Amino acid sequence: MKYALQVALYAFLISSGFVSAQIPDTEYSEGISYISGGVGEGETTAILAEAKQWPLTLELSQLENGRGVWIFGVKIKVMNTKGKAVFDAIADGPYMLINLEPGDYAIEGSYQEVTQKRVVSIKANSSQKISIFWK
């Protein structure tokens, strides 16, 4: 509940013009760069514009009261074909851009004790989006 209030306050501040939205800072996990966020319309727009430059975009949401809502706090883990974790971070918003090298990976997203798995093949000079949806 505390996080929901923070998100609502931040969204209000952005829409009111008190805070100008920009893309969140680049962070690193296991040497892999990533950007996570998408709280508020301005930040979402900035991240989605930037997504075209990143190999992988994750979109995170869940079903709540019969409709899809964006979520954050999802633990994202990426494993290579040998099962070794090459990335491990918490999403700060409904979008996560991850700068993975070309290759095949298994992605695990854990939210409220439910883990979802996806397989992705990253191609050179290409970007793709994977949506992970919790019910």
Side-chain angles (χ1 to χ4, degrees):
M1 187 60 133
K2 177 182 174 186
Y3 292 115
L5 291 173
Q6 290 173 338
V7 170
L9 176 61
Y10 189 71
F12 169 76
L13 292 172
I14 288 173
S15 66
S16 301
F18 292 112
V19 176
S20 63
Q22 60 183 14
I23 194 149
D25 292 335
T26 300
E27 299 183 61
Y28 294 87
S29 170
E30 306 294 329
I32 295 174
S33 59
Y34 73 97
I35 293 173
S36 179
V39 178
E41 187 176 336
E43 191 173 285
T44 295
T45 301
I47 286 176
L48 292 177
E50 179 75 11
K52 299 168 190 159
Q53 309 302 315
W54 291 71
L56 179 63
T57 300
L58 298 179
E59 179 182 61
L60 311 165
S61 61
Q62 77 171 358
L63 186 64
E64 188 175 286
N65 297 322
R67 63 184 197 95
V69 295
W70 303 123
I71 57 176
F72 61 98
V74 177
K75 180 176 176 57
I76 300 294
K77 192 174 194 180
V78 179
M79 282 79 57
N80 64 17
T81 55
K82 296 177 182 175
K84 180 182 182 238
V86 297
F87 180 88
D88 192 349
I90 304 292
D92 293 330
Y95 293 101
M96 183 177 269
L97 312 179
I98 307 174
N99 192 18
L100 293 172
E101 294 291 324
D104 296 324
Y105 300 93
I107 299 170
E108 288 183 1
S110 298
Y111 181 70
Q112 295 182 346
E113 299 182 21
V114 176
T115 299
Q116 300 232 18
K117 297 179 182 181
R118 301 287 187 277
V119 176
V120 64
S121 184
I122 301 296
K123 309 278 189 240
N125 303 315
S126 177
S127 63
Q128 60 183 299
K129 180 170 93 173
I130 293 179
S131 297
I132 304 176
F133 188 81
W134 280 262
K135 293 182 181 182

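No experiment lies behind these values; they were computed from the predicted model shown.
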Enumerate the residue pairs fulfilling salt bridge (charged side-chain N to carboxylate O under 4.0 Å, His left out) with a member in residues 118-134, sequence neighbours excluded, ordered by first and then second residue. E59-K129

Run the side chain to side chain contact (heavy atoms under 4.5 Å, CB included) check on E27 and D92 step by step: do they pass? CA-CA 11 Å; E27 299 183 61; D92 293 330; 3.5 Å; yes

Rounded to the nearest 0.5 Å, what separates atom CG in D88 from atom CD in E30? 7.0 Å

Count I, L, V, M, F, W, Y as connected when their side-chain heavy atoms are under 4.5 Å apart, and connections chain through other members. Are Y95 and L60 then in the same cluster? no

Could you tell me whether K75 atom NZ has more than 12 heavy atoms of other residues or ligands within 6.0 Å of it? yes

Closest non-hydrogen atoms of S36 and G93, given as atom of the first, atom of the second and distance, are OG-N, 3.7 Å

Going only through I, L, V, M, F, W and Y residues with side-chain contacts under 4.5 Å, is there a path from W70 to W134? no

Contact summary for M79 and G83, nearest pair of heavy atoms: CG-O, 3.6 Å

Between E50 and I35 the two heavy atoms that sit nearest each other are CG-CD1, 4.4 Å

With clusters defined by side-chain heavy atoms of hydrophobic residues (ILVMFWY) lying less than 4.5 Å apart, directly or transitively, does V69 cluster with V114? no

Shortest non-hydrogen contact from S110 toward T115: OG-OG1, 2.8 Å

Nearest heavy-atom neighbours spanning G38 and E43: N-OE2, 2.7 Å

Run through I98, I47, L97 and flag the one making a side chain to side chain contact (heavy atoms under 4.5 Å, CB included) with W54. L97

Side chain of Q22, backbone of A46: donor and acceptor closer than 3.5 Å? no

Considering all heavy atoms of both residues, which atom of S127 and which atom of A51 are nearest to each other, and what is their separation? CB-O, 4.0 Å

Straight-line distance of K77 NZ to S29 OG, nearest 0.5 Å: 10.5 Å

For Y34 and F87, take the angle between the two ring planes, folded into 0 to 90°, and tell me which bin it lands in: parallel under 30, tilted 30 to 60, perpendicular over 60. perpendicular

Say whether, by atom type as modelled, one donor and one acceptor occur between the side chain of Q128 and the main chain of S121 under 3.5 angstrom. yes

Rounded distance (nearest 0.5 Å) linking atom CE of M96 with atom CD1 of I130: 13.0 Å

So which of L56, V119, L100 actually passes side chain to side chain contact (heavy atoms under 4.5 Å, CB included) with I107? L56

Looking at side-chain heavy atoms only, is the closest gap between Y111 and Q62 below 4.5 Å? yes

